[in-house]
Each structure stands twice: as structure tokens, then as C-alpha cells.
**Q** 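Below you will find the structure I want to go over with you.
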Amino acid sequence: MLKFVTVERGMPDKRAAETRRRDFHEIYAEYADEKAKEQAGRCSQCGVPYCQTHCPLHNNIPDWLRLTAEGRLQEAYELSQATNTFPEICGRICPQDRLCEGNCVIEKAGHGTVTIGAVEKYITDTAWEEGWVEPIAPRHERVESVGIIGAGPGGLAAADVLRRAGVQVTVYDRYDRGGGLMTYGIPGFKLEKDVVMRRMQQLQEGGVEFRLDCDVGTDLTFEEIRSKHNALLIATGVYKSRDLPGPGVGAQGIVRAIDYLTASNRVGFGDKVPEFESGELNAEGKRVVVVGGGDTAMDCVRTAVRQGAASVTCLYRRDRENMPGSQREVANAEEEGVEFQWLSAPKSFSGDPVKSVRVQQMRLGQPDATGRRTPEEIEGAEHEEPADLVIKALGFEPEDLPTLWNQKDLEVTRWGTIKAEFTSGRTAMEGVYAVGDIVRGASLVVWAIRDGRDAAAAILDDLGAAQAVAAE
Ligand SMILES: Cc1cc2nc3c(=O)[nH]c(=O)nc-3n(C[C@H](O)[C@H](O)[C@H](O)COP(=O)(O)OP(=O)(O)OC[C@H]3O[C@@H](n4cnc5c(N)ncnc54)[C@H](O)[C@@H]3O)c2cc1C
Ligand code: SF4
């Protein structure tokens with residue numbers, strides 16, 4: 001049975017904190033067969049599947065919901081995995097309220113959405129438990145080889161498609177584990193790491209070669225990799241953190257979100273993390289201020305709560321309605337005791353190590369060129385917010401790959417993302433493709449999967465392998 005938990009407001013006593021840690025994924029873990037069938041049976045099979053059109057993978061949602069409702073779980077799984085390389089991951093972390101579920105006809109009619117993501121997760125988790133998930137076993141080996149830089153969802157989805165077609169695939173990644181932001185960015189309470197590692201193992205056992213701890217541009221040059229393979233896919237994501245202006249910003253105790261979340265995820269793996277042990281990247285007992293209003297900021301505040309912070313405050317310079325992060329995540333954070341200060345921006349920082357943040361009150365002014373109202377300072381409206389740890393979560397930009405890799409022919413947009421065709425990932429360089437965040441800017445796992453699958457299809461086509469594979 002699905003159990004609901006009540007949570008108390010304010011920062012935790014020990015029991016309440018334990019209760020709060022039961023986030024929705026833990027609740028989903030108790031999602032019984034009966035509940036999945038009940039939810040799936042709520043689908044009205046409306047004939048206008050807005051859920052499907054708003055899923056970036058165009059998953060055949062109504063059909064696998066119907067099969068689930070009829071108890072034909074294996075068939076439901078077969079159908080769901082036909083369009084999605086990692087359905088159990090998307091079921092856990094897609095912002096369904098903005099995608100499939102937000103466009104469910106029943107939701108629009110005011111009766112509450114069918115919980116599509118939870119059902120997708122349930123049928124794929126069941127498939128793993130029941131042994132229905134097929135290993136990667138190509139019918140014929142092919143001579144062509146493809147190099148993939150980046151083992152995030154974009155690179156891994158492409159590796160899966162290519163390897164199933166018999167292509168020789170090598171994935172290069174600068175981290176010691178694959179998975180990209182699924183491993184070191186997204187917290188474990190949203191996406192359990194064994195779920196990602198299980199997919200890594202499946203790819204490895206299927207013959208994908210991984211060269212981890214290999215930073216392209218330092219350990220190997222781009223040209224070296226390009227010359228080894230018939231095609232090359234760039235799936236490196238975006239990692240340059242946007243910085244804060246303001247006096248005192250260099251003080252000890254003011255850290256980047258990616259470092260904070262990576263340390264927390266490493267600790268979750270059981271790694272020794274000196275910056276966590278020293279307290280530099282550990283929120284325990286601290287007054288934490290997170291700056292930003294996106295999903296990364298929400299992950300930081302919720303991680304800080306779980307680490308036992310004394311208090312957690314989130315500063316965002318616009319209002320609640322105009323924040324980029326998911327409203328569901330804000331509601332979760334609020335339930336866990338996080339205080340949001342809307343229309344608030346840090347102006348300066350005192351102390352080294354940091355002791356407080358000077359907060360400037362803002363209001364929304366005229367719309368800018370994009371139509372978004374610009375935050376403006378309200379003169380004289382300031383206050384001091386005590387802080388022992390400040391986490392900067394202002395978003396990410398692409399690294400300058402043409403310079404880092406000495407590839408001036410690698411065309412980039414004015415935002416620094418790689419110029420590539422959206423439907424194929426083809427770039428201006430012959431035989432070089434690009435997918436995921438490095439093309440779209442910071443986006444979503446499900447879009448990276450979609451791009452990876454599309455680019456793999458284009459690579460097979462360009463290598464002349466697509467017809468042979470189809471005929472097998
Ligand atoms: C904190 C956080 C939370 C998020 N939460 C969600 C969520 O809940 N739901 C969701 O859908 N999306 C979420 N996202 C976004 C999502 O994680 C990304 O959109 C997605 O991972 C992008 O996939 P990718 O394959 O393009 O890149 P990445 O996942 O970033 O993977 C890129 C890989 O390339 C490697 N790499 C980079 N440069 C090099 C190099 N020079 N040499 C070798 N390897 C290199 C990196 O080490 C990395 O492993 C979140 C992002 C963050 C930061
Ligand atoms: S992949 Fe994401 S958007 Fe598509 S059905 Fe699954 S949860 Fe919904």
C-alpha cells in the first residue's frame with residue numbers, strides 16, 4: 001500500500017527528521033502491484049495522448065498503462081523499454097509535472113494525474129527483479145568503432161544503441177565512475193546510485209569499453225581519440241558554474257553546488273572525501289544559505305537538511321511563480337523545513353570563514369528582451385542573514401571546448417554550446433556528433449537520452465550500418 005506521511009514544520013527534532021527523510025521515492029518503493037494497476041487503470045485511453053506527445057521520448061504511455069492495468073507487466077515493460085533506454089531512471093527523476101503528467105487529460109479535468117512516472121519506474125524495477133531485462137548481446141560484431149566522450153545519460157544511451165547494433169564502443173570519462181550527473185549531481189534520495197551502477201554494469205557486460213579517469217584534453221587529446229574511431233560523439237555536459245558577484249565572495253565556507261553535491265554523492269558511495277570530513281563540504285550543524293532558484297538549488301537545500309544542518313535558507317531574486325525549479329521540489333523542501341526568502345539576493349558576505357550574508361530585497365521590474373521581468377533592488381531594504389555555509393547554485397555554462405581541445409573547427413553557439421543538428425547530433429566536423437547538455441545547455445536526463453538515441457541512429461546511418469542492422 002502507498003503510505004502517506006505527515007511532516008512537521010520547523011527544523012527537526014530527531015524523530016521528525018527521520019520522518020522527513022521518507023521522500024516520495026521511498027514512498028514509491030512501497031508502491032504495490034495493486035497500486036500500480038489501480039493508477040494505470042485510471043488512464044481514460046483518451047485517444048489524444050497529450051502525455052505521449054509531451055514525453056520527450058514519445059513513450060507509448062497509454063498502451064503500457066493498459067497492459068499494466070491488465071496485469072501484463074512483462075509486455076508493459078517490453079513496450080516501455082522500446083522507446084526509453086533507462087525507464088526506471090526517468091520514472092524516478094523526470095519532472096513529470098512539466099512533461100507527461102502535467103498534460104494528462106485527467107489532470108487537466110481536475111481529477112489528479114495518473115502517476116505515469118511511478119508506474120514506469122514500477123514496471124522496470126519489476127523487470128529487473130524478474131530477470132526480464134535482456135543483456136546487450138549483438139547478433140553480429142561489426143568492425144566500425146565509435147568513441148564517446150562523456151558517460152552521462154546522453155553518451156550511455158548512444159552507447160547502448162550502438163553496441164546492440166554490434167558496433168565497437170569506447171566511452172571516455174574524466175570521472176572515476178560513469179553516469180555523469182546521474183551519479184555525481186543528482187542526490188541519492190532522488191535517484192539511488194545502485195540503479196545507475198546497474199546500468200553501467202549492463203553496458204560493460206554487453207561489451208562497451210569504459211576508459212574512466214580519462215580527461216579528454218589532458219590525458220588524451222581530441223585528435224588522438226578521433227583518429228582511433230570511425231565516428232566520435234561528444235556528450236560532455238555543462239560544468240562551468242556561474243559565479244556570484246559581491247564583496248567577500250571568496251571567503252572560506254562559500255562553495256559551488258557541484259562540489260557540494262559531488263562530495264555528498266561520493267560519501268554515499270562510501271568514498272573517503274577529505275573536504276567532507278574537514279567540514280568544508282558538510283552542512284551538519286551549520287546555518288546554511290543556498291543561493292539560486294533552480295532544481296540544483298532544491299537538491300542542495302534538501303541535501304543540507306539530510307546532513308543535519310541547523311537551519312537551511314534559500315535566497316532567490318525573483319518570486320515563487322517565476323522560479324525555474326519545479327514547484328513540487330519547493331513544496332518538498334518546505335515540508336522538510338527549508339525557509340525560502342523570495343525576491344532576495346546576496347549583496348555581500350562578512351567574515352572569513354563566512355559568518356553572514358547581506359541580503360538585498362528585490363522587486364520585479366519591467367520585462368527584459370525575453371519577456372521575463374527583471375529583478376530590481378529596493379533601496380535601503382537589506383538585512384543580515386547568519387551563515388556558516390553558503391552554496392552557490394546559479395546554474396551551469398559550457399566549458400570552452402574548442403579552446404580546451406584546440407579544435408577551432410568545432411563550431412559553438414553564442415552561448416558556448418556545440419552547434420549540432422537537434423535530430424541527428426551531426427556537427428560541422430565530419431564524423432563528429434554531439435548530444436545532451438553540451439548542445440542544449442543545462443537540460444534534463446530524458447532529453448539527453450533522446451539525443452543519444454537519435455545520434456546513435458544517425459551514426460549507424462552514416463557508417464552505412466543501419467540497413468545491415470535492420471536486415472538482421
Ligand atoms: C544537481 C542537479 C540535479 C539535476 N536533477 C535532475 C532531475 O531531477 N531530473 C532531470 O531530468 N535532470 C536533472 N538534472 C539535469 C541532468 O542531470 C542533465 O541534463 C543530464 O545529466 C545531461 O546529460 P549529459 O549526458 O548531457 O551530461 P552529463 O550527465 O553532465 O555527463 C557528462 C559526462 O561527461 C564527462 N566529461 C565532461 N568533460 C569531459 C572531458 N573533457 N573528458 C572526459 N569526460 C568528460 C563528465 O565527467 C560527465 O560524466 C540535474 C542536474 C544537476 C546539476
Ligand atoms: S520518460 Fe519522463 S516524460 Fe516520458 S513518460 Fe517517463 S516520466 Fe514521463
Side-chain angles (χ1 to χ4, degrees), residues 51-52 54-61 64-65 80 83-104 113 115-121 124 148-158 171-187 190-191 211-220 222 225 233-239 241 257-258 260-262 264-265 292 294-300 303 325-326 329 393 395-396 398-399 401 404-405 434-452:
C51 57
Q52 185 169 356
H54 286 83
C55 164
L57 293 160
H58 299 318
N59 283 341
N60 193 342
I61 301 164
W64 50 252
L65 286 177
S80 127
T83 48
N84 190 351
T85 316
F86 309 126
E88 73 282 26
I89 295 178
C90 293
R92 281 169 167 85
I93 54 150
C94 267
Q96 286 100 3
D97 52 344
R98 304 202 299 254
L99 301 172
C100 54
E101 294 180 11
N103 291 281
C104 167
T113 179
T115 54
I116 298 165
V119 177
E120 187 179 32
K121 167 189 178 298
T124 318
I148 298 178
I149 310 176
L156 296 183
V171 182
Y172 304 83
D173 201 290
R174 63 184 169 197
Y175 285 148
D176 56 344
R177 292 184 178 92
L181 288 172
M182 299 190 297
T183 297
Y184 285 134
I186 302 173
K190 279 170 66 184
L191 176 58
R211 291 210 41 197
L212 301 175
D213 284 319
C214 176
D215 189 329
V216 176
T218 310
D219 300 316
L220 277 178
F222 180 86
I225 295 185
L233 178 70
I234 304 169
T236 49
V238 290
Y239 283 87
S241 300
I258 192 71
Y260 174 69
L261 292 171
T262 303
S264 171
N265 278 315
D295 287 333
T296 301
M298 296 311 106
D299 287 344
C300 290
T303 300
S326 149
E329 285 292 289
F396 301 96
E399 290 158 294
L401 292 185
L404 284 173
W405 291 349
V435 295
D437 282 5
I438 192 60
V439 175
R440 294 178 179 272
S443 178
L444 293 173
V445 166
V446 65
W447 278 115
I449 295 173
R450 164 77 192 267
D451 289 352

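We count ligands from 1, going down the list as the structure has it; atoms in each ligand are counted the same way.
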**Q** Please confirm whether F396 approaches ligand 1 to less than 4.0 Å, judged on its heavy atoms.
**A** yes

**Q** Does ligand 1 have a heavy atom under 4.0 Å from the side chain of C90, from its backbone, from both, or from neither?
**A** neither

**Q** Going by heavy atoms in the side chains, are L191 and M182 under 4.5 Å from each other?
**A** yes

**Q** Does only the side chain of K190 get under 4.0 Å from ligand 1, or the backbone, or both, or neither? Count heavy atoms.
**A** side chain

**Q** Got N60 and T83 here, is their nearest side-chain heavy-atom distance under 4.5 Å?
**A** no

**Q** Ion pair present between D451 and R440, side-chain N to carboxylate O less than 4.0 angstrom?
**A** yes

**Q** Checking the N or O distance criterion of under 3.5 Å, is ligand 1 in contact with V445?
**A** yes

**Q** Relative to ligand 1, is V238 under 4.0 angstrom through side chain, backbone, both or neither, heavy atoms considered?
**A** neither

**Q** Checking the N or O distance criterion of under 3.5 Å, is ligand 1 in contact with I258?
**A** no

**Q** Under 4.0 Å, heavy atoms only, figure out whether ligand 1 is touched by the backbone of Y184, its side chain, both or neither.
**A** neither

**Q** So, is T296 polar-close to ligand 1, with some N/O to N/O distance under 3.5 Å?
**A** no

**Q** Please confirm whether L181 comes within less than 3.5 Å of ligand 1 when only nitrogen or oxygen atoms on both sides are compared.
**A** yes

**Q** Using a strict cut-off of 4.0 Å, indicate which atoms of ligand 1 neighbour a heavy atom of D215.
**A** 40 (C), 41 (N), 42 (N)

**Q** Touching ligand 1 at all, S443? Heavy atoms, strictly under 4.0 Å?
**A** yes

**Q** Is there side-chain contact between Y172 and T236, with at least one heavy-atom pair below 4.5 Å?
**A** no

**Q** Is the closest N or O pair between G154 and ligand 1 shorter than 3.5 Å?
**A** yes

**Q** Answer with yes or no whether W447 contacts ligand 1, where contact means a heavy atom under 4.0 Å from a ligand atom.
**A** no

**Q** Report the distance from atom CD1 of I438 to atom OG of S443, rounding to the nearest 0.5 Å.
**A** 12.5 Å

**Q** Rounded to the nearest 0.5 Å, what separates atom CG in N265 from atom CD1 in I186?
**A** 9.0 Å

**Q** Any idea which part of P153 is under 4.0 Å from ligand 1, heavy-atom wise: side chain, backbone, both or neither?
**A** both

**Q** Which of the numbered atoms in ligand 1 are under 4.0 angstrom from any heavy atom belonging to G436?
**A** 26 (O)

**Q** Can you check whether T183 reaches Y175 side chain to side chain, under 4.5 Å on heavy atoms?
**A** no

**Q** Looking only at distance, does V216 have an N or O less than 3.5 Å from an N or O of ligand 1?
**A** yes

**Q** If you measure from CG on N59 to SG on C94, what distance do you get to the nearest 0.5 Å?
**A** 8.5 Å

**Q** Is any side-chain heavy atom of W405 less than 4.5 Å from a side-chain heavy atom of I234?
**A** yes

**Q** Between ligand 1 and A393, can you find any atom pair, the residue atom being a heavy atom, that is separated by under 4.0 Å?
**A** no

**Q** Mark yes or no for whether S264, through its side chain, and Y260, through its backbone, hold a donor-acceptor pair below 3.5 Å.
**A** no

**Q** Taking atom types as modelled, find out whether D176 and Y184 have a side-chain donor-acceptor pair closer than 3.5 angstrom.
**A** yes

**Q** Which atoms of the protein, restricted to N, O or S, are nearer than 2.8 Å to atom 4 (Fe) of ligand 2?
**A** C55 SG

**Q** Taking only non-hydrogen atoms of D295, do any sit less than 4.0 angstrom from ligand 1?
**A** no

